[in-house]
Amino acid sequence: VQLQASGGGLVQPGGSLRLSCAASGGTFSRYAMGWFRQAPGKERDFVAAINWSAGKTYYAASVKGRFTISRDNAKNTVFLQMNSLKPEDTAVYYCAADSGYVGTTLSDYHYWGQGTLVTVSS
């Protein structure tokens, strides 16, 4: 499975961005999908995850109520809608996929995209 993340950029505090992750090379509808982020000098952390049917979603406490993960299995794409962005949301955002149960840790995912940079600054 190949994953291509896009949609990052520079946004002011309080603004919004929508990240996309397009998948190819596998049966997308069978995969759990996740978003993780890595700020400069920090470890890669869980952000959000969604199961294959979009019936279950999970969020890190720091983004719950501001971020929404969704997927379009017909388009082989997972999205991360980010609202009310804060400077501490600045990071490289990675999408990940796995054929197992949806998880919230790095080791739950076998396939990773290249990352897209989100910078929240005035």
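Just the heavy atoms: all of them, side chains too, but no hydrogens, waters or symmetry mates, feed the values below. The first residue in the sequence is number 1, and the count goes up from there.
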Engineer: Tell me the closest heavy-atom pair linking Ala5 and Cys95, and the distance in Å.
Structural biologist: CB-SG, 4.1 Å
Engineer: Should Leu106 and Phe36 be marked as a side-chain contact (heavy atoms from CB on, under 4.5 Å) after you check the CA-CA gap, both sets of side-chain angles, and the distance that decides it?
Structural biologist: CA-CA 8 Å; Leu106 295 174; Phe36 291 77; 3.6 Å; yes
Engineer: Does the side chain of Asp72 come under 3.5 Å of the side chain of Thr77 through a donor N or O and an acceptor N or O?
Structural biologist: no
Engineer: CE of Met33 to CG of Asn73: how many Å apart, nearest 0.5 Å?
Structural biologist: 9.5 Å
Engineer: For a 4.5 angstrom cut-off between non-hydrogen side-chain atoms, does Val78 reach Ile69?
Structural biologist: yes
Engineer: What distance separates Ser99 OG from His110 NE2, expressed to the nearest 0.5 Å?
Structural biologist: 7.5 Å
Engineer: Would you verify whether the NZ or CZ of Arg71 falls within 45 degrees of the ring axis of Tyr31 while also being under 6.0 Å from that six-membered ring's centre?
Structural biologist: no
Engineer: Would you say Thr27's side chain and Ser29's backbone share a donor-acceptor pair under 3.5 angstrom?
Structural biologist: no
Engineer: Using modelled atom types only, decide if a donor and an acceptor are shared between the side chain of Asn51 and the backbone of Lys56 within a distance under 3.5 Å.
Structural biologist: yes
Engineer: Treating Thr116 as the side-chain partner and Gly8 as the backbone partner, does any N or O pair qualify as donor plus acceptor under 3.5 Å?
Structural biologist: yes
Engineer: For Asp98 and Asp108, run side-chain contact (heavy atoms from CB on, under 4.5 Å): C-alpha distance rounded to whole Å, both residues' side-chain angles, the deciding distance at 0.1 Å, then the answer.
Structural biologist: CA-CA 7 Å; Asp98 197 86; Asp108 289 325; 5.9 Å; no
Engineer: Taking Asn83 for the side chain and Ser16 for the main chain, is one N or O donor matched with an acceptor at less than 3.5 Å?
Structural biologist: no
Engineer: Which heavy-atom pair separates Ala48 from Leu80 by the least distance, and what is that distance?
Structural biologist: CB-CD1, 4.1 Å
Engineer: Considering all heavy atoms of both residues, which atom of Ala32 and which atom of Gly100 are nearest to each other, and what is their separation?
Structural biologist: CB-O, 3.8 Å
Engineer: Taking all heavy atoms of Val120 and all of Thr90, pick out the closest pair and write down the distance.
Structural biologist: N-OG1, 2.9 Å
Engineer: Flag the pair Val102 / Tyr109 as yes when at least one side-chain heavy-atom distance between them is below 4.5 Å, and no otherwise.
Structural biologist: yes
Engineer: Does Glu43, at its CD atom, have more than 12 non-hydrogen atoms belonging to other residues, nucleotides or ligands within less than 6.0 Å?
Structural biologist: no
Engineer: Do any pairs count as a ring pair (Phe, Tyr, Trp, His ring centres under 6.0 Å) and have a residue in residues 50-100, sequence neighbours left out, and if so which ones?
Structural biologist: none
Engineer: Sequence neighbours left out, what passes salt bridge (Lys or Arg N to Asp or Glu O under 4.0 Å) with Arg66? Give chain and number order.
Structural biologist: Asp89
Engineer: Indicate the atoms forming the closest heavy-atom contact of Val1 with Ala23, along with that distance.
Structural biologist: CG1-CB, 4.5 Å
Engineer: Apply side-chain contact (heavy atoms from CB on, under 4.5 Å) to residues Met82 and Val47 and explain how you reach the verdict.
Structural biologist: CA-CA 11 Å; Met82 305 186 295; Val47 175; over 6 Å; no
Engineer: Please determine whether side-chain contact (heavy atoms from CB on, under 4.5 Å) holds for the pair Phe46 and Arg37, giving the CA-CA distance in whole Å, both sets of side-chain angles, and the decisive distance to 0.1 Å.
Structural biologist: CA-CA 7 Å; Phe46 169 73; Arg37 66 186 181 186; over 6 Å; no
Engineer: A side-chain contact here means heavy atoms from C-beta on lying under 4.5 Å apart; do Pro13 and Pro87 qualify?
Structural biologist: yes
